[in-house]
Amino acid sequence: MTNHLADVQNAKAIIMFGANPAVNHPVGFQHFLKAKEKNNAQLIVIDPRFTRTAAKADHYVRIRSGTDIAMMYGMIRLIVQNNWHDEKYLDDRVYGWREAVKEAQQWTPEQVEEVTGIPAEQLIQITRLYAQSKPGCLVWTMGLTQHTIGSSNTRLAPILQMMLGNMGVSGGGTNILRGHDNVQGATDLGCLADTLPGYYGLAEGSWRYFSESIWQVPYDAMLARFKDKSMMESRGFTLARWYQGVIKEDAIHNGGTDLKALICLGNGITSIAQTHKVKEGLDGLDLLVLGDPFVNEAAALTDKTDNVFILPCATQMETSGSVTATNRSIQWRDKVVDPLYEAKPDQEVLFALAKELGFYEEYVKSMGDGKGNFQWPEDATREIARAIKTIGMSGHTPERLKKHQQNWHQFNPESLEGFGPNKGEYYGLPWPCWSETHSGSPVLYSIHKPVSQGGMGFRVRWGTEKDGVNLLSGEGSAPVGSSIRRGYDEITAANIESMGIRLTAAEKEKVKGKNWKTDMSGILTAKALEAGLCPYGNGKARAVVWNFPDAVPVHREPLHSIRHDLTAKYPSYEDKPNHFRVDTRYKSVQQEKDWSKEFPINLVTGRLVTHNGAGVETRGSKYLAEIDGEMYVDMHPDLAANLGIRDGDMVWVHGTEKSKIKVKAKFSFSVDPKSVFLPIHFMGAFQGEDISHKYPAGTKPYATGESANVVTNYGYDIITQIPETKGGLCRIE
């Protein structure tokens, strides 16, 4: 998320792709409503379903699922055609933008209408409105990401913003609303299948940095915990497809062995796509360990009867520490009460496991005195601040975070600016916060502020030139007060003096062979900040990404497209071997048959305001269960009439993977006659069978029902492997 959440209030126009914050982020939605009140900001909502957010929109645009790229290119074509684009900004700060414009030329308003279903006149209307109402804020959530082309979607949205010069400005940016309060923090700290903490990669240099500089564990000792070096540097299974490591429906690449055990702490694993496959994976494990405050419903879903352990883990009210919000701000939490009954906080569970596996001393060596005497979670927070330089978490000491928490009243809630003792800091020190004296950065990529106050250009991550083309930003596109007014490379010991920064002999020795990301002394970063330079350099954003399957984003039809006639013109990718250790099918699925003949209805899934995630906690509340206590499918009355279904009938919803769920039909005009909507929060029934008797005594939620994800389709993003739950098909009987 490039801009902090309250900054939305400064927008003159807001366009949302596949986002429904009125339901999914009801507290944060106030900022969008305030933008309408203060600025008469025009709210444009792009969604296949008329949502509660759409009800507040000035312009609602119904789009066919999976066709966002076609729409965005249609907007880009109109923007350039009418000279609404910011050509100087693009030339100075965006590499390859003309290639994106070239791809956009085929997307006339008429062609966009043919593919997306959006009337040509409406596309022209909203493009003119958005382009001429600056600054404009672009928002997305999982409606844009959960596709086989999700990564292309989330590349083209920033390109659209850069066409208008809307990146790096207050009231602009690309803003991704997270569904839970610490999703950003979880990814920042390495809860991913392909990175170490702070998005450091898996190459030997990154491992050595963490093992030797941070964890104080010899690199060879870390290497010895893996089968071999290639496995140490290989991406793991993703949450989306972990079960393939057990059932091996698609070939796996896991060092010659299957997955034998699953330890799941605080994740509603029954809420991921293709729940019937998840069940197969659970049933085939040797060991299943589930840790949650409420019973994880995997325990009820699986037929496994031995070696299933349920650990009562503490809630967030029974622990303390930092969480990173959707807008990169860090908040400290105090423990309200000690853990109740037998519940243990997560770290105690993990410490106990580390002791049993024989590496507890190494696990905690970097905290406190290095001999097991440490203060939790403060010393863990200090370790994070020492380690994670890539995204600028060096300033996030527990003392600073606690000071912000204890002095909320000393910050402006709209700008995040502090006053009094907190003057010169932004609330929560949104990263990058380069040092213990840095302010934090509420708006990414803004050159309108000094680096010391959160200013920066685009990051230099891909070198300084490509095929003879300069990848550094143009003259004058540097943050206010920079000693270099053009683009420059990331700061290293080798180049820092060529940038006009002098080091003493002692400083040179300390930083020898280092770059700003691995310099534990902090000298390179400190010297750069003194000169008004951003440690990561000042480069161009990439509209052309030469190392991706599509160098420039292109529209590709969903694997299970309701418009099979378009799949030849807009085919999916070639099948991808060893995609996060699993062979993953694309074109072979799409071209297997015309899926729309057997499954003629678009399937859309999403959230309800009353429930959260997998729903086990909220359905355990009698009050919330009374409001939304039954699983259902939203259907347009015309679709229901064609199928001979009445409001309130029980129906079978069939997925493309030979799976089905039994739910109640609910008439709704929020969906069109070719689509249905399923909420994602239910479990306790499985393909027509009531499995609520399988909950341990006294733990059954007040509301149970079928899981929507039993019928979500096969399909995964080509880069991240996020499931294609927003572009599937179904059949209803």
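Throughout, numbering of the chain's residues begins at 1 and tracks the sequence.
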Show the numbers, then the answer: is there a side chain to side chain contact (heavy atoms under 4.5 Å, CB included) between D467 and W546? CA-CA 11 Å; D467 298 331; W546 51 83; over 6 Å; no

Go through the steps for Q405 and D334 under the test side-chain hydrogen bond (donor to acceptor under 3.5 Å, both in side chains), then give the verdict. CA-CA 9 Å; Q405 177 223 30; D334 289 326; 3.0 Å; yes

I would like to know whether I176 and T326 meet side chain to side chain contact (heavy atoms under 4.5 Å, CB included); could you show each step before the answer? CA-CA 7 Å; I176 303 91; T326 189; 5.8 Å; no

Side chain to side chain contact (heavy atoms under 4.5 Å, CB included), that's the test. Do M1 and L444 meet it? Break it down for me. CA-CA 8 Å; M1 186 168 184; L444 294 182; over 6 Å; no

Check against side chain to side chain contact (heavy atoms under 4.5 Å, CB included), M231 and R225: CA-CA 10 Å; M231 291 300 291; R225 304 208 66 82; over 6 Å; no

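One distance of note links CG of L524 with CD1 of I496; it measures 5.0 Å at 0.5 Å rounding. Taken to the nearest 0.5 Å, the CG atom of L223 stands 5.5 Å off from the CE atom of M232. A distance of 10.5 Å separates NE2 of H438 from OG1 of T525, quoted to the nearest 0.5 Å.
A side-chain N or O of S473 and one of N538 form a donor-acceptor pair less than 3.5 Å apart. Between S477 and Y89, the side chains place no donor N or O within less than 3.5 Å of an acceptor N or O (distance only, hydrogens not considered). Counting only N and O atoms by type, the side chains of Y573 and D550 include a donor and acceptor under 3.5 Å apart. A side-chain N or O of W431 and one of D188 form a donor-acceptor pair less than 3.5 Å apart.
The shortest side-chain heavy-atom distance between H579 and R235 falls under the 4.5 Å cut-off. Using a 4.5 Å heavy-atom threshold, the side chains of P432 and I391 count as separate. For the pair S498/Y488, no side-chain contact is recorded, criterion being any heavy-atom separation below 4.5 Å from C-beta on. Between L353 and I263 there is a side-chain heavy-atom pair separated by less than 4.5 Å. Side chains of K517 and E490 form a contact here, defined as non-hydrogen atoms less than 4.5 Å apart. Looking at heavy atoms from C-beta onward, K389 lies in side-chain contact with M520 at the 4.5 angstrom threshold. Considering only heavy atoms from C-beta on, N267 comes within 4.5 Å of L239 through its side chain. In this structure the side chain of S452 never reaches within 4.5 angstrom of the side chain of T437, judged on heavy atoms.
When each of T2, N175, N166 is checked for a side chain to side chain donor-acceptor pair (under 3.5 Å) with Q161, only N166 meets the rule.
Nearest approach of C534 to I491, heavy atoms of both residues: O-CG1, 4.1 Å. Heavy atoms only, all atoms of each residue included: P723 and Y716 are closest at CA-CD2, 3.8 Å. Shortest non-hydrogen contact noted between A385 and H396 is CB-O, 3.9 Å. Scanning all heavy atoms of the two residues, the minimum distance from I69 to S152 falls at CD1-CB, 3.6 Å. Contact detail for I214 and S366: the closest heavy-atom pair is O-CB, 3.0 Å. When every heavy atom of V169 is checked against every heavy atom of D7, the shortest pair comes out as O-OD2, 4.3 Å.
Proximity of a side-chain donor or acceptor of T390 to a complementary backbone N or O of G198 within less than 3.5 Å is detected. Counting only distance, with no hydrogens or angles, the side chain of N153 and the backbone of L144 share a donor-acceptor pair below 3.5 Å. Under a 3.5 Å cut-off, the side chain of T324 and the backbone N or O of Q184 do not form any donor-acceptor pair.
Here salt bridge (Lys or Arg N to Asp or Glu O under 4.0 Å) pairs that include residues 359-369, with residues two or more places apart or in two chains, number zero.
Seen from the ring of F580, R241 does not count as a face-on cation partner, given the 6.0 Å and 45° thresholds.
The aromatic rings of Y200 and Y209 sit parallel, their planes meeting at an angle under 30°, below the 60° perpendicular limit. A tilted orientation is assigned to the rings of F411 and H404, their planes being inclined by 30° to 60°.
Considering only residues two or more places apart in sequence or on other chains, Q316 meets the side chain to side chain donor-acceptor pair (under 3.5 Å) condition with R333.
Ion pairing of R382 with D379 is present here, as a side-chain N (NZ or NE/NH1/NH2) and a carboxylate O approach within less than 4.0 Å. Of the charged side-chain nitrogens involved, at least one lies within less than 4.0 Å of a carboxylate oxygen, so that E87 and R98 count as a salt-bridged pair.
In this structure, the ring of W215 has its center less than 6.0 angstrom from the ring center of F210.
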